[in-house]
Number of protein chains: 2
Amino acid sequence: MLEGLGRIKVPKSSDVLAERLKQEILSDAYHPGAMLPTERDLVSTTGLSRGSVREALRILETQGLVLTRAGRYGGSTVAKPSDDHLVNHINLYARGRSLPLNALAEVRLALEPMVAALAAERRTDEDLETLRAISERIDQAAENDLDAFLAENVNWHDALAAASHNDLLRALAISVSGLMFEASRLKEFTSTEVRQRVCNAHHRILEAIEAGDADRARRRVERDVQAYGRILEAAMAAAAGPDTADAA
Amino acid sequence: MLEGLGRIKVPKSSDVLAERLKQEILSDAYHPGAMLPTERDLVSTTGLSRGSVREALRILETQGLVLTRAGRYGGSTVAKPSDDHLVNHINLYARGRSLPLNALAEVRLALEPMVAALAAERRTDEDLETLRAISERIDQAAENDLDAFLAENVNWHDALAAASHNDLLRALAISVSGLMFEASRLKEFTSTEVRQRVCNAHHRILEAIEAGDADRARRRVERDVQAYGRILEAAMAAAAGPDTADAA
DNA sequence: GACGATCTTACGGTCTAACAATTGACTTGT
DNA sequence: ACAAGTCAATTGTTAGACCGTAAGATCGTC
């Protein structure tokens, strides 16, 4: 008998087409904004049906490689995968697998200090202005408006990540922070005291970034993230049941 | 005239269906492995055509939320997004935007030390065995077999990331390391001397992980990654043109 | 000549109806 | 007991038609 023959995988036609188009797109030849052939052209050149061609294009669209518009002079254009796309996929991964909170906390502890260090080195005047404005809004909301406080807190971390001027790092940091803040909102553990500590932490971090002191910014964020993780975990344990809190 | 009415966005039927199914899937009600309705059932319950239903399912499949099999008792089942899915999307983001090498290096510098620290704390005996075996194979391949060396090097970092026992961190680390090693292969800068240094670095890191010393593992990986980044960047600068090397 | 309304047309968006391929359970034969 | 063949429900794929959209082209009016 023939050996070394595993299960024979018969790929779907749309997968094959999507893969080939993907290689074309990534292979330098296509610059962002370039037009792909129309669906009907692809039908005639590939010999596939229009349904299969459309499924292939839908795959590429989901991957963020292509953008499709209707109407005359519409069609599919090559695109750069957006930050939002990457963030969405990371969120899907995390939510779909219901990752434990401590795993998220660990990743965040890896990313955010680096974000802060780079932000201290590279922040523009505009970055600083944005951060200061958000920081003020957070201070004002800390006392009475919980929703606004949480929303602005997310904005603050977004702005900080943007100031790092590293797109990939920014997307990863935003995703992970967002997931953790979502957990915070679910647990509603944010007491007035905690909010005050968050404000103070922001002030100290912003100060280091204004001074351009990368190491200080890194250390302060590291401490802040660790503290936040501990608080959240304690809140989770308490919510799960006080009698099991010491099991870990 | 009516004001406050921006551009009216008319969503595609398949997008709407995909979004609604996605919410259902993520909303606890569905556990991985559960069956979705058949395409024709979805057609009758939604009132859409089968083509639109299939496009929606293809979106979910690309997002890794669903797995579809043909044949009787086939259909779409709920799935957890796999590591491979996430790695692919990150790679698409990085390649599609042709991120600069230093951005990748920075992210790697954030992730890998944390990987090593967690690996030192959590590695099982099996993890150690795998790492030792790969390390030996790398040593053997370092002298003569460049392809094997590069391949085993990737394996080593995969195994290290796995030993951290943090799925998200592992997926992120694998992606970024993979992208950097790809760049290494393109530039073919790996001289015998560099390879020897890589081997030594691996030995020192493995030693710290065997000892369970998280801080030492973190510091050693940090130093290693920084050194690797500098070497790669120098090689890239040299390849781009010796006269522009000092411009940075 | 300028400009707004209308027409034209090339494209994606959607639907219907069918047939092919796949696959696991069921049945049958020995 | 087991192997081969049959069956049926499901996805995979195709063909053809029509609708909706949007931007250029044309025409009419001032």
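Quick note on labels: first sequence line is chain A, next is B, and so on, each numbered from 1. Since we're looking at a predicted model, the values are computed, not measured.
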Notebook entry, point to check: For V10(A) and L57(A), take the nucleotide of DNA chain C holding the closest heavy atom to each; which residue's nucleotide lies nearer the 5' end?
Noted result: L57(A)
Notebook entry, point to check: Between D127(A) and T124(A), is any side-chain donor less than 3.5 angstrom from a side-chain acceptor?
Noted result: yes
Next item on the list: Please work out if R69(B) contacts a base, only the sugar-phosphate, or nothing of the nucleic acid, heavy-atom cut-off 4.0 Å.
Entry: sugar-phosphate
Check: Atom CD in E112(A), atom CG in L169(A): separation rounded to 0.5 Å?
Finding: 9.0 Å
Item checked: Worked check of salt bridge (Lys or Arg N to Asp or Glu O under 4.0 Å) between R58(B) and E61(B) -> CA-CA 5 Å; R58(B) 193 50 66 91; E61(B) 207 177 19; 3.0 Å; yes
Checklist line | Rounded distance (Å) that lies between atom C1' of dA20(C) and atom CG of L48(A) | finding: 15 Å
Notebook entry, point to check: Is there any ring-ring contact (aromatic ring centres under 6.0 Å, His included) pair reaching into residues 159-182 of chain B, and which pairs are they, with sequence neighbours excluded?
Noted result: H157(B)-F181(B), F181(B)-Y228(B)
Checklist line | Integer-rounded Å distance: dG12(D) P and L67(B) CG | finding: 11 Å
Note to self: If the cut-off is 4.0 Å, is T68(A) near the phosphate of dG12(C), judged by side-chain N/O to OP1 or OP2?
What the structure shows: no
Item checked: Side-chain donor-acceptor pair present, S14(B), S52(B), cut-off under 3.5 Å -> no
Item checked: Length of the line joining E55(B):CD and dT13(D):P, which is rounded to integer Å -> 14 Å
Note to self: Can you confirm whether more than 12 heavy atoms, excluding those of E126(A), are under 6.0 Å from its CD atom?
What the structure shows: no
Note to self: Would you say S14(B) places a side-chain N or O within less than 4.0 Å of OP1 or OP2 belonging to dG13(C)?
What the structure shows: no
Note to self: With the threshold set at under 4.0 Å for non-hydrogen atoms, list the residues of residues 71-79 of chain A touching DNA chain D in residue-number order.
What the structure shows: G71(A), R72(A), Y73(A)
Notebook entry, point to check: Closer than 4.0 Å, any side-chain N/O of R54(A) to the OP1 or OP2 of dG13(C)?
Noted result: yes
Check: Is the CZ atom of R20(A) crowded by more than 12 outside heavy atoms at less than 6.0 Å?
Finding: no
Margin query: Checking contacts here: which listed nucleotide (dG12(D), dT14(D), dG13(C)) is nearest the side-chain heavy atoms of S52(A)?
Written below: dT14(D)
Next item on the list: Check whether the side chains of S164(B) and R122(B) place a donor and an acceptor atom closer than 3.5 Å, and report yes or no.
Entry: no
Check: With distance as the sole criterion, do the side chain of R50(A) and the base of dT14(C) form a donor-acceptor contact below 3.5 Å?
Finding: yes
Item checked: Length of the NZ-P vector between K9(A) and dT22(C), whole Å -> 13 Å
Note to self: For K12(B), I'd like to know if atom NZ has over 12 heavy atoms of other residues, nucleotides or ligands within 6.0 Å.
What the structure shows: yes
Next item on the list: Tell me which residues in residues 32-47 of chain A put a heavy atom below 4.0 Å from DNA chain C, sorted by number, or none.
Entry: T38(A), E39(A), R40(A)
